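A, B, ... follow the sequence lines: proteins, then strands. Residue 1 opens every chain. This structure is a prediction, so every number in the text was calculated from the model and none was measured.
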2 protein chains.
Amino acid sequence: MPDTTDQDAALRIASGRKPFVEPLRLGERLREIRLSNQWTLEDVSQRTGLARSTLSKIENDQISPTFTAVQKLIGGLDIDLPQLLSPPRQQTRTMGRRDLTRRGQGDLHPTPTYEHELLSCELAQKRMIPFKTIVRARAFEDFSEWVRHDGEEFLMVLEGEILLYSEFYEPLRLECGDSIYFDSAMGHALVSTSEQDAVVLSVCTRGEAA
Amino acid sequence: MPDTTDQDAALRIASGRKPFVEPLRLGERLREIRLSNQWTLEDVSQRTGLARSTLSKIENDQISPTFTAVQKLIGGLDIDLPQLLSPPRQQTRTMGRRDLTRRGQGDLHPTPTYEHELLSCELAQKRMIPFKTIVRARAFEDFSEWVRHDGEEFLMVLEGEILLYSEFYEPLRLECGDSIYFDSAMGHALVSTSEQDAVVLSVCTRGEAA
DNA sequence: AAAATCTGTTTCCTATAGTGAACAAAAGAA
DNA sequence: TTCTTTTGTTCACTATAGGAAACAGATTTT
């Protein structure tokens, strides 16, 4: 055995890393999730493909689920593993915030091509950025280059009609009520094709998932 | 089963979460960690308390380790679980995806109180879930309990007029064009107050920040 | 009320994860 | 070379996880 081991052990202890993993009451957590969604064991069974009995045993810590079982769990319950393992539910579960924006009362940010109206802009630390945009541009040439930003964007046409130019696709005609979801790192640009300027509602993601 | 469940189910389906979890080459990852530390199977056995043979089988994907085994692994190797599971760091910097939904062409998911039309539901693994909802409910009593789900929600009234009931606030009247952003873990419920059923556009966040 | 349906638990049984020993291949040590 | 020692894999066996069905308690129906 190489010396590495001892040294690593020493470092590990020195680092103050918890030498033991806490019990991790997985069963407890599972039941918590199940009940909070008001699911019965049968429901969860349907979702995960695991037998009722198995689920019962897991919840009562009578068995230690196989990793494949855990995968079925997180898949079926549509949660991710950290969520399943983080019983510390006291996680400053930010909840209760609210930000109202009356029609036309958003923050205006005009540009040559667009006129943005930022919605819900009093709320910081949010994971989505909603805004209403009046599309002034009338031709693709109005843009000096692609609009491009990290994350994803959802967009619905509220008024008028637009042409969505994008880096990897042919231009797409969108009419009132149509919507589209796309990766906003892909270059994109909107132009109005209707008589009056078109109006679209957009929502972008912000920040980055780990 | 309360309405909550239906909506959650709808959202889950809409989210396009892959029904199966990918292989998750845990064995490969384990070997990677082991070799990078220049440990032998015996070393790891010492550290984790698992048998050499067991470790070998895990590395070769011949067995699916028990959750207790996984705990021994992360404890003994002094790593945390995400570390053990995040070898697929090749995270395709997804860009270029696109999903168009023409007006009225979304997936319908009716419930007693709402009629959801899921938008952009062909795209899996997205960070937002957009949907258009016809609000059928006419009174708060139509709900058996609060609608509630993790994450945040943005909402804009497209047609009609609604009353937004929420757990921590007084009911709020929203008219066409008004929008609001709130933590959706806070109980909430919408009712139409206009002649015809109101229509709102909602976007929810999904997934969990680590 | 009884009957029928659900809930969660428990009882088998089988499928499989985990262990120790045997194994073959490689690496030193003589 | 030959004899050890150490590597990883494979075998045989035991321990245990997972599933079908039976179970009892609660709830709903009739």
Let me see the working for B/Tyr114 and B/Phe143 under ring pair (Phe, Tyr, Trp, His ring centres under 6.0 Å), right down to the final yes or no. CA-CA 10 Å; B/Tyr114 295 139; B/Phe143 294 87; 5.5 Å; yes

D/dG8, OP1 or OP2 - any side-chain N/O from B/Arg31 closer than 4.0 Å? no

Quick one: do B/Asp178 and A/Arg102 make a salt bridge, cutoff under 4.0 Å? yes

B/Arg98 charged N/C atom sitting above A/Phe168 aromatic ring, 6.0 Å / 45°: no

Quiz question: by atom type and distance under 3.5 Å, do the side chains of A/His149 and A/Ser184 form a donor-acceptor pair? yes

Can you tell me if A/Glu152 and A/Tyr181 form a side-chain donor-acceptor pair at under 3.5 Å? yes

What integer distance in Å separates [X]:[atom1] from [N]:[atom2]?
X       : N      : atom1 : atom2 : result
B/Leu55 : C/dT19 : CG    : P     : 8 Å
B/Leu41 : C/dT19 : CG    : C1'   : 14 Å
B/Leu30 : D/dG8  : CG    : C1'   : 14 Å
A/Trp39 : C/dT7  : CH2   : C1'   : 18 Å
B/Arg34 : D/dT6  : CZ    : C1'   : 13 Å
B/Gln46 : C/dT19 : CD    : P     : 13 Å

Using the ring centroid of each side chain, check whether A/Phe182 and A/His188 are separated by less than 6.0 Å. yes

Starting at the 5' end of nucleotides 15-27 of chain D, put B wherever the base has a protein heavy atom under 4.0 Å, S where only the sugar-phosphate does, and a dash everywhere else. --SBBBBB-----

